[in-house]
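For reference, the structure discussed in these notes is given below.
Just so you know, ligand 1 is whichever comes first in the structure, and atom 1 is the first atom listed for that ligand.
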Amino acid sequence: MLNYETEATWHYHNGTKHPNGMLLNRFHVYHPSHRPTPYKIYKNVSQIDLALDKTPIGISALDAISTDKIYNDIIPDIGTLGRIFYFSSGITKKIKFQGLGEVDFRAASCTGALYHIEIYLVCSDLPGLGAGVYHFDPRHMKLDTIRLGDFRKFVSNATAEEPSVNQSPAILIFTDVFSRNSIKYQSREYRHAFWDCGTILANTLAITSAHKISSKVITGFVDSSICQLLGLDISKEAPITILPLGATTQEAPTCPPLPEINSDAVASDYEIEYPEINAMHESSSLLTGTDVVSWRHQITMERKNPAKLIPLGKNIKVKEPLEQTIIKRGSTRKFSLESITFDQLSTILSQTTSGINSDFANHELLSDVYIIANAVGELESGSYHFVKEKNALEQLRKGNFRHASGNLGLDQDLPYDASVTIFFMVDLDKILEHFGNRGYRVAQIDAAIAGGRMYLASYALGLGATGLTFYDDLVTNFFSPHAENKETMFLIAIGKKEKST
Ligand SMILES: Cc1cc2nc3c(=O)[nH]c(=O)nc-3n(C[C@H](O)[C@H](O)[C@H](O)COP(=O)(O)O)c2cc1C
């Protein structure tokens, strides 16, 4: 099966690295005035209003991102779904730029503000909403109606009856519209699909947990079946994650026949294909329910505990409600060189790295977390490896590595000025051996969810943060020998915001 021919992943991953000290394609030009419409537009469908209720429900961001309990028998109503959609992917601010006009910014960070992730809902009859298949329209806070009727069984079949999907009253499906992001990032877009879906999911998991609605990140499903249900052209828009919400005691009923969708929806007003993206997606696809069943085995990462460790500091408690943290979040555009405290870094690390409820790992982060500490209170400047099991740091090298930090983050000022840069690195060979090419999707999204949680934790603590891209192999070299054979999945810089920005 193509999924287990893993040279496809190495071909894509190595072929989309920014070579040492250079951009992948130095001659590619993108200007923000060419930005495609960042919304999928359905023209002739009926729409349903989602009330916009931003009232805090009294859970702080730090609590919401670190609790991942299983709650039973909670059925979300339309009001709660509106809040889940808004705090995941709604418009939280509008900023005017000269020459561009007003730009909508969304609840979660997104590379290039290109907003290429769409969210769909497949549900039973819920309080305030009839059974159907819907698309979230963030511009108007509405749902576009794609199908009426209960089609959950179809999703459940596509996941080979994954139990949480089977009993969920409301299932979210996250898709990626390739060309809306590849216009700027070209073939590297397929990494961004998971980065930008991951930051959204960090918000979704936080808001659902605040509402005591259980959820599970599902990455194993028959891709073509989900495309058929949503009426997607897989060469342009592809499902990448499924998130069942809540639980009932009853399984979804057999579904009505699935007529073809004759949709005039426009997913992107800019179209260009990068064959590397389509090839990587295809080679990581699962073709049948039997493939899904044999694929679905959670992984456990083996890690050695080093002898000498620096215990993390205190966990800081913050009262600010999650909703307020999400609304004020943004990517920091300029860091001051000031220090953050060791307790702030400790809180960020301990609250965001517990892993998630998923079909690929049991609450365990797959990546190893590597750190360059430029200015972190009493912590000696240098490079570190975070040892989650011991809640402690292992020092790799002492020294002032601001220049290296700036250089690894694509020679930008942000990683140079930040107090700390945090790299998520994974033993990709091990992941691919276990999951085949689909392990690439899993490794990327797992790191990005933790990165998204770090965004929220930083803002909850009154700090700033930004995701960054990186020179792949230079990162591995910098953290070697410890990180030998590891590949970087995600990078985030954290620090104090420059006051004037
Ligand atoms: C994974 C990731 C990588 C990013 N890389 C960079 C980067 O290299 N340089 C940069 O200035 N901003 C970077 N950003 C920040 C985005 O440009 C920013 O999220 C986007 O403009 C939306 O703005 P907001 O986060 O303030 O809502 C990145 C964001 C993410 C999520």
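- Scanning all protein heavy atoms for the shortest distance to atom 2 (C) of ligand 1 gives T111 CG2, 3.4 Å.
- Checked against D104 for a salt bridge (charged side-chain N to carboxylate O under 4.0 Å, His left out), the options R139, R35, K94 give a single hit: K94.
- Side-chain contact check for S66 and Q351: at least one donor-acceptor pair (N or O, by modelled atom type) lies under 3.5 Å.
- G112 N, 3.8 Å is the protein heavy atom nearest to atom 17 (O) of ligand 1.
- Geometrically, ligand 1 and T469 share a nitrogen or oxygen pair separated by less than 3.5 Å.
- With respect to atom 1 (C) of ligand 1, the closest heavy atom belonging to the protein is W195 CE3, 3.3 Å.
- Protein heavy atom in closest approach to atom 27 (O) of ligand 1: R329 NH2, 2.8 Å.
- Side-chain contact annotation: H385 with Q395, donor-acceptor N/O pair under 3.5 Å absent.
- Of the heavy atoms in Y115, only side-chain atoms (C-beta onward) come closer than 4.0 Å to ligand 1.
- At a 3.5 angstrom cut-off on N or O pairs, R333 counts as close to ligand 1.
- Taking the side chain as every heavy atom from C-beta outward, N203 and F87 never approach each other to under 4.5 Å.
- Using a 4.0 Å cut-off between heavy atoms, T466 contacts ligand 1 through its side chain alone, with no backbone atom that close.
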task = Show the numbers, then the answer: is there a side-chain hydrogen bond (donor to acceptor under 3.5 Å, both in side chains) between T16 and S187?
result = CA-CA 7 Å; T16 55; S187 52; 5.9 Å; no

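- Protein heavy atom nearest atom 16 (C) of ligand 1, with residue, atom name and distance: C110 O, 3.6 Å.
- Under a cut-off of 6.0 angstrom, the local environment of NE2 in H11 is sparse, with at most 12 non-hydrogen atoms contributed by other residues, nucleotides or ligands.
- The part of L414 lying near ligand 1 is the side chain, judged by heavy-atom distances below 4.0 Å.
- Ring planes of F97 and F105: tilted class, angle from 30 to 60°.
- Within ligand 1, counting atoms from 1 as listed, the ones closer than 4.0 Å to a heavy atom of F105 are 22 (C), 23 (O), 27 (O).
- Heavy-atom separations between K93 and ligand 1 include at least one value shorter than 4.0 Å.
- Taking 4.5 Å as the limit, every side-chain heavy atom of V266 sits out of range of all side-chain heavy atoms of K40.
- Atom 25 (O) of ligand 1 has as its closest protein heavy atom S331 OG, 2.6 Å.
- Among protein heavy atoms, atom 31 (C) of ligand 1 sits closest to S109 OG, 3.2 Å.
- By the 4.0 Å N-to-carboxylate-O rule, R188 lies close enough to D472 to be salt-bridged with it.
- Neither the backbone nor the side chain of M489 comes within contact range of ligand 1; no heavy atom lies under 4.0 Å.
- In this structure, the side chains of L349 and I371 come closer than 4.5 Å at one or more pairs of heavy atoms.
- Of the protein's non-hydrogen atoms, the one nearest atom 14 (N) of ligand 1 is G467 O, 3.3 Å.
- At least one donor-acceptor pair closer than 3.5 Å links the side chain of R191 to the backbone N or O of H13.
- With ligand atoms numbered from 1 in the order given, ligand 1 contributes 1 (C) to contacts under 4.0 Å with heavy atoms of F490.
- Only the side chain of Q412 comes within 4.0 Å of ligand 1, counting heavy atoms alone; its backbone N, CA, C and O stay farther away.
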